[in-house]
Amino acid sequence: MRETYAAGVQEFAAWLSTDDEDGLPMVATLVGAILLARATTGTELSEKIMESTHKALTAPHGA
């Protein structure tokens, strides 16, 4: 089971990768953001976590 899960994480990271960047940090950021947002559901913090993560991951480099 663990190997299957790890393979799925690696596959998702590869899908998010670009020529310049490994996708693994993005996967970790997305999963962490979702975990934290769900743990704080119903609070302003939940929405702020999702908005700030989206902004951070979609901002141009150097921004």
Side-chain angles (χ1 to χ4, degrees):
M1 180 78 118
R2 195 168 280 154
E3 287 103 14
T4 301
Y5 192 84
V9 171
Q10 288 178 317
E11 191 174 310
F12 188 40
W15 184 72
L16 292 172
S17 293
T18 65
D19 290 339
D20 299 329
E21 292 188 36
D22 177 12
L24 195 54
M26 189 178 294
V27 170
T29 300
L30 289 168
V31 171
I34 291 168
L35 183 132
L36 291 170
R38 287 187 177 172
T40 58
T41 296
T43 68
E44 288 183 29
L45 181 58
S46 180
E47 189 61 31
K48 188 173 181 180
I49 289 167
M50 296 305 289
E51 288 174 3
S52 62
T53 301
H54 179 266
K55 185 177 177 181
L57 292 177
T58 57
H61 293 297

Just verifying a value: how many Å separate Glu3 CD and Gln10 CD, rounded to the nearest 0.5 Å?
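These two atoms lie 11.0 Å from each other.
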Distance (rounded to the nearest 0.5 Å) between Arg38 CZ and Met50 CE
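Interatomic distance, Arg38 CZ to Met50 CE, rounded to 0.5 Å: 8.5 Å.
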How would you list, by chain and number, every residue that makes a side chain to side chain contact (heavy atoms under 4.5 Å, CB included) with [X], sequence neighbours excluded?
X	answer
Thr43	Thr40, Leu45, Ser46
Leu30	Phe12, Leu16, Met26, Leu57
Leu24	Val9, Ala13, Asp22

